[in-house]
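Reading through the structure tokens given below for one structure.
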Amino acid sequence: MITLTVNGNDHTVDVDPATPLLYVLREDLALHGAKFGCGLGQCGSCTVMVDGRAVFSCLLPAAAAAGRQVKTVEGLGTIDEPGPMQQAFMAEQAAQCGYCIPGMMMRAQALLEAKPAATEADIRAALEPHLCRCGTQARIVRAVMRAAQAMRLVDAVGRRAEASP
Amino acid sequence: MTATSTFLSRRTVIAGTGALVVGFSVARRAFAQQEPQNVGEEPRRPVALPGSLKDAPLIDSWIRIEATGAITVMTGKAELGQGIKTALIQIAAEQLDVAPHAITLVTADTASTPNEGYTAGSHSMQDSGTAILNAAAQARAILVNAAAARFALAAGELKTGDGKVAAPDGRAIGYGELVSTELLHVEATPASPLKDTSRRLVMGRSIERVDIPVKVTGGAAYVHDLRLPDMVHGRVVRPPSPGARLKAIDEARVRRLPGVLAVVRNGSFLAVVAAREYQCVQAMRLLAATATWDGHSDLPESGKLYETLLALPSRDNDILHRSVALPPGGRTLEATYHRPYQMHGSIGPSCAVALREADALTVWTHSQGVYPLRGALSELTGLGAEQIRCIHMEGSGCYGHNGADDVAADAVLLAIALPGRPVRVQWMREDEHRFEPYGPAMIARLGAALQDGRIADWHHDVWSNTHSTRPGKAGDLLSALYLQAPFPPSPPRPLPQPDGGGDRNAIPLYVLPSVRVTNRFIPQMPLRVSALRGLGAYMNVFAIESFMDELAAAAGADPVAFRLAHLEDARGRDVVTEAARRFGWQATHAQRRPGFGHGFGFARYKNLGAYAAIAVEAEVARESGRVRIVRAVAAVDSGEAVNPDGIRNQIEGGMLQSASWTLFEEVRFDRTHVTSASWASYPILRFSDLPERIEVHVIDRPGEPFLGTGEAAQGPMAAAIANAVADASGVRIRDLPLHKERVKAAIGV
Ligand code: FES
Ligand code: FES
């Protein structure tokens with residue numbers, strides 16, 4: 001038995017502890033955001049956040065994620081209430097087939113949480129491990145820039161609200 | 001939303017309860033599209049109806065309106081990430097005068113949609129878009145007439161909007177109240193009362209794609225995400241070499257692994273089914289490690305691939321021949337271009353789910369052709385086509401005939417072994433890389449005579465294998481070749497002009513007084529190949545547009561001016577001029593920085609589809625040979641632009657994918673097997689290769705026919721890059737890809 005904390009909820013699953021986290025997310029928790037692309041750490045489509053850092057869930061044994069905070073694209077918002085990263089991808093229409101996109105979003109989220117003032121060059125560099133076969137890269141970069149701006153705005157508003165008595 | 005509910009809601013839609021469901025009819029015959037299909041043929045109808053209405057002429061094959069007013073539009077085409085759903089909804093909404101969200105679109109499903117063959121060849125807008133445009137306009141007219149009869153008014157006095165027909169006196173009636181069983185169960189007529197282009201509210205606007213929200217929020221968007229009750233997982237063990245035959249396995253050891261439900265062996269087809277996906281992967285690995293095989297394929301020596309292909313017998317055919325006597329003098333040039341095998345390489349390996357119950361077989365698939373696949377599965381299983389239902393669900397980006405049909409056959413073979421259990425099969429990365437059908441290796445030899453700075457004579461010879469081994473027959477499905485009683489592969493066939501296969505776009509759009517274009521079709525395939533985005537157009541346009549630059553240089557002319565001097569087609573001239581203007585060709589071309597070059601490429605896809613012209617600025621690093629695309633500017637004319645941002649997205653994607661093919665991609669193999677088994681041995685474009693800027697300018701042509709766009713950028717982008725590299729480095733490279741080792745060697749530093 002392994003207990004995983006995913007998007008703030010605890011789940012106890014009965015799997016071989018060596019099972020990569022990706023399979024547990026998809027099969028046991030019915031979270032479809034993370035995708036199988038290569039199982040080899042070469043494409044990034046399985047990327048999720050673990051304790052705030054982007055990791056390839058196809059390589060991480062589920063047991064190694066126990067006791068840590070796992071976040072998937074489902075944790076960024078819902079179809080009815082999308083979060084800033086998701087809104088930005090919709091606004092830029094940054095998808096063709098979209099298969100690579102959730103992994104890209106999780107890498108970008110990790111970057112922006114660590115570095116809210118990330119530049120375009122930072123974004124391109126951070127996304128280097130990710131492949132997109134449809135050629136959506138230009139839109140993906142624009143979407144992450146837009147998300148960064150939106151998240152900074154939310155932050156600034158939040159700080160102002162805290163500051164005012 | 002869970003996968004199961006996606007499935008159930010889709011089934012509910014299909015079952016339908018509306019008034020017009022009775023007598024609902026699907027296509028009466030298969031389509032004679034550019035890619036031959038193996039389904040019954042009937043002579044073409046004498047009156048040409050627009051688009052796919054030719055083959056499914058009943059209006060309610062396309063549009064159903066229920067008593068509640070709910071509108072369902074059906075297309076035989078499939079969403080491949082190209083945004084077709086959104087564009088088709090826009091067309092229907094515009095012509096029916098309803099809001100886009102009032103429309104439910106059902107895509108390719110053998111139980112409910114018209115048979116529109118394959119979603120391929122950039123045909124969807126021309127075929128299905130045109131059919132829905134006309135069917136919707138005619139449906140609206142029928143509804144207006146029905147309302148006119150009820151109101152005892154002339155149809156001309158009535159207006160439509162928001163799903164209602166309204167009279168000047170304030171009376172209004174909803175579409176749902178007007179429909180009766182037979183109202184739309186009528187044959188379409190050749191002419192349609194289309195809304196005037198100036199009154200269009202939905203078409204021509206960049207509305208947001210309907211498929212994106214679910215994809216960015218983790219919804220069940222792909223067949224990969226389908227989770228059915230009691231579903232189990234299958235994996236196939238592929239042979240070490242395509243020609244190897246299975247000798248022995250250690251079945252008992254694999255069966256003892258946790259979760260294993262079955263080891264399925266039929267001849268050299270070997271697979272395992274397990275309760276959980278990762279258990280299945282582990283069992284597959286053990287099965288593969290303990291299986292022994294005999295024999296292997298004899299693949300060509302990779303360094304002699306092109307010589308090997310040229311030595312094979314070819315069937316030669318002049319697709320254009322016009323000779324005029326040339327005045328003496330002038331200058332002749334000749335050049336030969338090569339393209340290696342290249343792969344589709346979808347990011348998500350192919351996947352399918354199949355369920356065998358009583359006498360029915362249901363297959364969820366990302367195949368581009370649910371009807372042709374059904375035909376092939378019928379032959380494979382011996383079940384009647386009417387017992388098989390193939391339902392399209394989205395897959396990872398497709399770009400042509402990849403492993404989608406093959407994995408559907410795998411899932412079916414396993415579902416038959418485990419009746420009552422839905423079996424999901426997803427290929428592993430190495431399966432996709434090593435066993436998908438590749439884009440064929442090709443050779444193009446061009447020659448021309450220049451007189452007074454103009455092309456007087458032109459020759460183009462193109463050698464290629466087939467560009468379609470799509471199913472229709474069981475033997476076109478990978479695993480069928482390995483069964484105890486194998487199915488023979490379909491005989492390789494060239495695809496006829498005007499679409500063409502290896503000779504697609506081999507006929508230039510330029511004015512050429514004397515010209516011969518010869519298609520040299522090579523039936524024998526050293527590696528399994530099929531349709532890859534653009535088919536032969538990618539290579540032919542690369543060759544033609546590279547050669548145009550070589551000729552321009554020989555004539556001492558500017559590349560853009562040289563093209564315009566040979567181009568009469570007005571819309572072709574417009575995209576060339578627009579791309580050059582937006583790029584700033586004239587202003588910046590004279591002031592190129594050292595190490596930087598400009599390149600141009602142009603084609604009209606298939607000489608029938610969208611026009612695209614692309615200008616590229618590239619930097620060539622002399623020390624490393626690395627090519628960096630600085631910026632790329634495209635102008636495109638797709639006829640009436642239903643969703644301009646959708647067109648931009650497709651063209652941008654095509655440009656980057658073509659850049660990836662052109663700069664990096666080549667399937668590697670040794671004498672027995674493909675060695676490009678993962679992204680490590682088949683590198684593709686990454687973020688560090690992304691140009692600083694990409695621009696796509698759409699020239700809208702309201703009221704003009706829709707022109708297929710999805711593949712229009714592939715060829716022009718390849719040529720624009722090669723021309724920019726030649727411009728920057730002074731060296732012309734005619735072999736794809738232009739990877740850094742090749743560029744460095746060509747520069748000779
Ligand atoms: S699936 Fe994990 S990196 Fe490709
Ligand atoms: S959008 Fe298709 S792989 Fe990236």
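The chains referred to below are lettered A, B, ... by the order of the sequence lines, with proteins before strands, and numbering in each begins at 1. None of the values given here were measured: they were computed from a predicted structure.
Contacts between A:T78 and chain B at a heavy-atom distance below 4.5 Å involve the backbone alone (N, CA, C, O). Residue contact with chain A, scored on non-hydrogen atoms closer than 4.5 Å, involves the backbone and the side chain of B:R648 alike. Contact annotation for B:Q279: neither backbone nor side-chain heavy atoms come within less than 4.5 Å of a heavy atom of chain A. Heavy-atom distances place no part of B:H433 under 4.5 Å from chain A, backbone and side chain included. Residue B:P258 does not touch chain A at all, counting heavy-atom pairs closer than 4.5 Å. Looking at A:L40, only its side chain comes within 4.5 Å of chain B, counting heavy atoms on both sides. For a residue to count as touching a neighbouring chain, one of its non-hydrogen atoms must lie under 4.5 Å from one of that chain's; by this rule A:L76 does not touch chain B. B:S660 touches chain A through its side chain: at least one heavy atom from C-beta onward sits under 4.5 Å away, while N, CA, C and O do not. Within the 4.5 angstrom heavy-atom criterion, no atom of B:E79 approaches chain A. There is no contact between A:M85 and chain B, counting heavy-atom distances below 4.5 Å. B:W427 touches chain A through its backbone: at least one of N, CA, C or O sits under 4.5 Å from a heavy atom, while the side chain does not.
In terms of heavy-atom pairs under 4.5 Å with chain A, the best-connected choice from B:A659, B:C398, B:G653 is B:G653. Comparing A:I101, A:I123, A:T19, A:L22 by heavy-atom pairs within less than 4.5 Å of chain B, the highest count is held by A:T19. When each of B:N649, B:V216, B:L80, B:D689 is scored by its heavy-atom pairs under 4.5 Å with chain A, the top score falls to B:N649. The choice from A:V24, A:D28, A:D16, A:T72 that makes the most heavy-atom pairs within less than 4.5 Å of chain B is A:D28. Of the listed residues B:L656, B:I212, B:I347, the one with more heavy-atom pairs under 4.5 angstrom with chain A than any other is B:I347. When each of A:P102, A:P20, A:A18 is scored by its heavy-atom pairs under 4.5 Å with chain B, the top score falls to A:P20. Chain B forms more heavy-atom pairs under 4.5 Å with one residue of A:E74, A:Q86, A:Q93, A:M105 than with any other, namely A:Q93. Here A:C38 is the residue among A:G33, A:A34, A:C38 with the most heavy-atom pairs under 4.5 Å with chain B. Of the listed residues (A:L127, A:T136, A:V73), the one with the most heavy-atom contacts under 4.5 Å to chain B is A:L127. For the options B:R276, B:M428, B:Q657, heavy-atom pairs under 4.5 Å to chain A are most numerous at B:R276.
In A:E128, the CD atom is crowded: over 12 heavy atoms of neighbouring residues, nucleotides or ligands sit closer than 6.0 Å.
Side chain of B:S676 to main chain of B:S681: a donor-acceptor pair is present (N/O by atom type, distance under 3.5 Å, no hydrogens or angles). Looking at A:Q96, its side chain does come within 3.5 Å of a backbone N or O of A:C134 through a donor-acceptor pair. Counting only distance, with no hydrogens or angles, the side chain of B:H233 and the backbone of B:C280 share no donor-acceptor pair below 3.5 Å. Judged by distance alone, with hydrogens and angles left aside, the side-chain atoms of B:E432 form a donor-acceptor pair with the main-chain N or O of B:S350 at under 3.5 Å. Of the possible donor and acceptor atoms, one in the side chain of B:S346 sits under 3.5 Å from a partner among the backbone N and O of B:G397. A donor-acceptor distance shorter than 3.5 angstrom exists from the side chain of A:R133 to the backbone of B:H344, with no hydrogens or angles considered.
Residues of residues 51-62 of chain A placed with any heavy atom under 4.5 Å of a heavy atom in chain B are absent; none qualify. Within residues 113-120 of chain A, no residue approaches chain B closer than 4.5 Å by heavy atoms.
The aromatic rings of A:F36 and A:Y23 sit tilted, their planes meeting at an angle between 30° and 60°.
Nearest approach of B:A718 to B:S658, heavy atoms of both residues: N-OG, 3.4 Å. Smallest separation of non-hydrogen atoms from B:R533 and B:W661: O-CH2, 3.2 Å. Considering all non-hydrogen atoms of both residues, B:A221 and B:D225 come closest at N-OD2, 3.1 Å.
Partners of A:R107 under the salt bridge (charged side-chain N to carboxylate O under 4.0 Å, His left out) rule, at least two apart in sequence or in another chain, do not exist in this structure.
Once rounded to the nearest 0.5 Å, the distance linking CG of B:L663 with CE of B:M717 reads 8.0 Å. Atom CE of A:M104 is separated from atom SG of A:C132 by 5.0 Å, given to the nearest 0.5 angstrom.
Applying the side-chain hydrogen bond (donor to acceptor under 3.5 Å, both in side chains) test to every pair with at least one member in residues 208-222 of chain B, sequence neighbours left out, gives these pairs: B:R209-B:D211, B:D211-B:K215, B:K215-B:E394.
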